Every structure is written in C-alpha cells, then in structure tokens.
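To start, the structure under review is shown below, and the notes come after it.
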Number of protein chains: 2
Amino acid sequence: MPRSPKDNQEIRDARREEILAAAARVFAAKGLSQSKISDIAAAANLSHGLVYHYFDSKDSIFGAIVDQMIAKIDADLASDGELTAYQRLVAGIERSRDRVCAGGLEPGRVVAQAMMQGVIPDHLRGRIHEHFGRLHRRIAERIEEAQRDGDIEPDADPVELASALVCLMRGLSMRAPDMPHLPFPIPRTDTILRLLRPSSAPQDTRRATPRAARGPNARRR
Amino acid sequence: MPRSPKDNQEIRDARREEILAAAARVFAAKGLSQSKISDIAAAANLSHGLVYHYFDSKDSIFGAIVDQMIAKIDADLASDGELTAYQRLVAGIERSRDRVCAGGLEPGRVVAQAMMQGVIPDHLRGRIHEHFGRLHRRIAERIEEAQRDGDIEPDADPVELASALVCLMRGLSMRAPDMPHLPFPIPRTDTILRLLRPSSAPQDTRRATPRAARGPNARRR
DNA sequence: GTCTATACGTAGATAGAC
DNA sequence: GTCTATCTACGTATAGAC
C-alpha cells in the first residue's frame with residue numbers, strides 16, 4: 001500500500017524543518033560563505049543532493065533562516081503582556097543573554113554575521129535593514145515609556161540609549177561558540193542594565209533625587 | 001645602470017605594505033573567506049600573481065593583518081602617559097569610536113570577524129585568544145585603578161565592567177561599512193560611559209553620596 | 001619585479017538511478 | 001523521496017614569459 005498524499009506532505013514538511021534547523025546551526029557557527037551545502041546536509045543527516053530537492057539554492061536557505069531569526073527576535077520584544085515597559089526590556093535582555101550562555105542558537109548572531117558579510121542577496125539586505133529599523137524603534141519606544149515610569153534615566157535620549165543597548169547585545173551574541181572559555185565572563189544582566197539605570201550622577205545637576213527612590217523595578221502607578 | 005640592492009629592498013617593503021593595507025580594507029569589508037586574492041590584488045592595483053610573490057598564501061596575509069590589528073589595539077591601550085586611568089579608558093573608547101564613525105579601518109572588526117569565522121588557521125587562534133586575554137586584563141586593571149580614584153562605580157566588579165565594555169565596543173565595530181545609514185546612531189562616548197559611571201542609584205543602599213560629588217573627570221589626589 | 005596562462009581542488013548545482 | 005555520479009564555475013596557487 002503506497003503512502004497517502006497526506007503522509008507525503010508531512011514527510012516533506014518535516015524534512016524542510018530539519019534542513020532549516022540544521023542550516024541555522026551551521027550558519028550560526030560559520031556564517032554564510034563558509035557554510036557548504038554538504039555541511040548542512042551532514043548536519044541534517046541526509047545527502048547533498050536532497051537538500052536541493054527542498055531548496056533552490058544556498059541563498060534561499062539562508063533567506064529562510066534569516067527570516068526565522070528575525071521573527072524570533074521580534075517575538076522576544078512582542079511578548080510579556082502584563083509587565084512594565086522596563087520589565088519587558090529586562091526580560092528581552094535576559095532571554096538573549098541566556099541563549100548566549102547556553103551556547104545555543106543566538107538569532108542575533110546569524111543576522112549580525114549576515115550584515116557583516118560583504119555579499120548578501122539583495123532582497124535579504126532590504127529585509128535585514130527593515131528588521132533593524134523595527135528593532136531599534138521598538139526598543140527606543142519602550143525605553144521612552146520606561147523613562148516616563150521613572151525606571152530609566154529620564155535625561156538621556158532614548159534613541160541614544162537604544163543604540164548603546166543594541167550594540168552591547170550584538171557584541172554579546174558575537175562570542176564564538178567554539179571558544180567557550182574566553183578569558184572574560186558574559187556580563188550579568190545587572191551590569192548591562194547600568195546603561196539604562198537612573199542616577200543622580202554628578203554631571204546631572206538639574207534634578208536632585210526625587211523619583212529615584214522608587215527603584216528600577218518598581219511597578220508603575 | 002641597474003637598481004641598487006637598497007632600492008630593490010625599498011620597493012619590496014613598500015609593495016608589502018601596500019598589499020597589507022589593501023588586504024586590511026578587503027578583510028574588514030568581507031571577512032577572510034569571502035575575500036579573494038584577486039580582490040586584494042585589485043585593491044592594491046597589481047596583479048593576482050604578484051601577491052603570491054610577496055606572501056605564501058591567503059592565510060599568511062590574514063595572519064599578518066591580524067597581527068597588525070592586534071598591535072594597533074594594544075597601542076590604543078598603552079599610550080597616554082600623563083593621564084588618569086579613567087581618562088585613558090575614555091581616550092581609548094573615543095579613538096575606537098572615532099574610527100567607526102569615520103567608516104575607516106576598525107581593527108576590532110577584523111579580529112572579531114576572524115573570531116566568528118569557523119575556520120581560522122590554528123596558529124592564529126592562539127594569538128587571538130592571547131590578545132583577548134591581554135585586552136581584557138588591561139581594561140579590568142585600568143577600571144580597578146579608576147575605581148580607587150573614585151571615577152568609576154566602586155561597588156561593581158571590574159572584570160564584569162570590562163566584559164560589558166568590551167562587548168559594547170565590539171558590537172559598535174560591527175556596523176557594516178556599506179550600510180552607512182542604519183536607522184540608529186552610533187552612541188556617543190557619554191552614553192557608553194554610563195556603563196562605568198558612579199552613581200548613588202537606588203539599588204545600592206550601602207553608600208550614600210560621598211565621593212560622587214567630585215565628578216567622573218576629576219583628577220586624582 | 002611584474003604579468004599572463006595554466007593546473008588543481010573544491011563547492012554549487014543538476015541528472016538520472018533506485 | 002532519496003541517493004550517487006557528474007557538470008560547471010571559480011578561486012588558490014604555480015610556472016614561465018617579459
């Protein structure tokens with residue numbers, strides 16, 4: 001008895017996902033250009049030729065991966081309904097940081113690698129560029145909201161803070177997974193948050209110490 | 001009349017430097033694996049084959065570049081004799097940041113790319129690893145000194161702060177030179193320094209407000 | 001010292017057998 | 001649907017002409 005069309009479709013979908021998962025690992029480890037199709041095939045335990053049965057080209061695989069990673073990053077920002085803006089920022093930072101610690105798949109890593117590479121398929125450039133725009137805008141908005149809540153330094157430019165935070169997180173994601181014991185530790189979330197922390201630091205003489213007493217994790221209202 | 005041996009040597013040295021300079025630009029733009037020997041030759045305005053007259057292989061060129069970049073980074077930290085530890089930290093950050101702004105050759109970029117690549121010649125791995133050890137140790141020491149001077153948050157772990165700072169700077173250097181108009185700005189030095197800034201922030205209840213009044217740029221003693 | 005022509009290997013992509 | 005064999009393009013590295 002032959003396989004039903006439905007079974008075939010399931011096999012196809014499963015294979016596709018397997019290949020994408022394998023490719024994500026390979027790309028994260030080596031970047032687009034250094035990743036051979038055979039590497040991906042080997043990581044997915046199937047033959048070289050079969051990969052081409054499911055995807056047109058290496059670029060199309062990479063495109064699919066980048067889209068997945070972008071979606072994952074967007075999801076990181078979107079979730080966490082009942083929290084303060086500040087708490088959502090912290091949660092996002094923590095998730096990303098945990099992934100780096102686990103040595104697992106850091107979505108930011110793939111995208112950052114893609115951005116650094118000279119040759120990205122043109123359609124991808126646009127998508128990546130848009131992604132960064134969205135990411136940065138959302139973080140800046142969230143920072144602004146947290147400033148209104150009094151959880152973040154109110155006198156700093158939110159766009160500026162967002163840039164610094166994004167830089168830091170990108171640098172974090174860049175730690176090579178095959179160099180697990182680098183001489184310096186992964187900074188704690190507390191340390192990262194120093195960037196945003198309100199302070200009555202000396203250079204700021206306009207405000208004395210009012211709302212600071214509430215603490216950075218205080219719930220608003 | 002033939003060229004003197006001395007002239008020949010000068011030509012050789014000059015060519016070598018030209019090739020290295022061209023290669024540095026190419027590597028910074030595309031990374032090791034995407035850089036073809038012909039790219040380097042074209043960037044240096046000479047033929048493909050001549051590159052091999054001066055270097056054994058692409059890897060050996062890359063090795064020379066990485067060494068140059070490492071030396072440049074080390075130099076950034078070494079200089080500035082008459083300054084405070086804190087002032088030297090600031091100067092280093094500013095130099096690196098200026099290079100990124102100029103879109104020029106950011107040494108950290110090449111090294112970071114190298115680190116992220118899966119395949120680095122083995123001897124290079126060691127050198128890069130050592131470099132990071134030195135870099136981090138020096139920064140941590142300098143931070144510690146600045147803490148004693150009262151210019152940096154005294155209750156934070158210097159190693160921790162150094163890690164965060166290195167991450168941030170690495171993320172900064174990663175901006176693609178061919179994407180000059182990213183939606184977010186390069187963070188100002190002030191903003192970067194928020195990581196280190198002393199503060200009488202709420203979560204820290206042990207110290208009240210003593211030394212903070214001196215300001216972060218105050219000369220010690 | 002500099003170039004052009006060429007050998008060799010490798011990786012992307014296709015074709016056809018099972 | 002899956003594999004192996006093959007074509008083709010390109011990049012590293014070398015050899016030899018000028």
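All figures in this text were calculated on a predicted structure; none of them were measured in a lab. Here is the naming used below: chain letters follow the sequence lines, and residue numbers restart at 1 for every chain.
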So which protein nitrogen or oxygen atoms get under 3.5 Å of nucleotides 15-17 of chain D's nitrogens or oxygens?
none

For [X], enumerate each residue passing the side-chain contact (heavy atoms from CB on, under 4.5 Å) test, keeping only those at least two apart in sequence or located in another chain.
X        : value
B:Ser47  : B:Leu50
A:Ala112 : A:Arg170, A:Met174
A:Glu106 : A:Ser96, A:Arg99, A:Val100, A:Arg109, A:Ser173
B:Arg25  : B:Ala21, B:Ala22, B:Ala43

Nearest listed nucleotide, side chain of A:Ile37, among D:dT12, C:dT2, C:dG12: C:dG12
For DNA chain D, which residues in residues 17-26 of chain B have a heavy atom at a distance below 4.0 Å? none
Tell me, which pairs form a salt bridge (charged side-chain N to carboxylate O under 4.0 Å, His left out) where one or both residues lie in residues 38-53 of chain A, sequence neighbours left out? A:Lys30-A:Asp39
Can you tell me which residue pairs pass the salt bridge (charged side-chain N to carboxylate O under 4.0 Å, His left out) test with a partner in residues 48-66 of chain B, sequence neighbours excluded? none
By side-chain hydrogen bond (donor to acceptor under 3.5 Å, both in side chains) - contacts of B:Asp67 (at least two apart): B:Arg127
Under the salt bridge (Lys or Arg N to Asp or Glu O under 4.0 Å) rule, collect the residues that match up with B:Glu144, sequence neighbours excluded. none
Can you sort out the partners of B:Glu17 under salt bridge (Lys or Arg N to Asp or Glu O under 4.0 Å), two or more places apart, ordered by chain and number? none
Does C:dG1 have OP1 or OP2 sitting under 4.0 Å from an N or O in the side chain of B:Arg12? yes
Whole angstrom value for the distance that separates P of C:dA7 from NE2 of B:His48: 15 Å
Between C1' of D:dC10 and CG of B:Asp39, the distance in whole Å: 12 Å
Any residue of residues 50-61 of chain B with a heavy atom less than 4.0 Å from an atom of DNA chain C: B:Leu50, B:His53, B:Tyr54
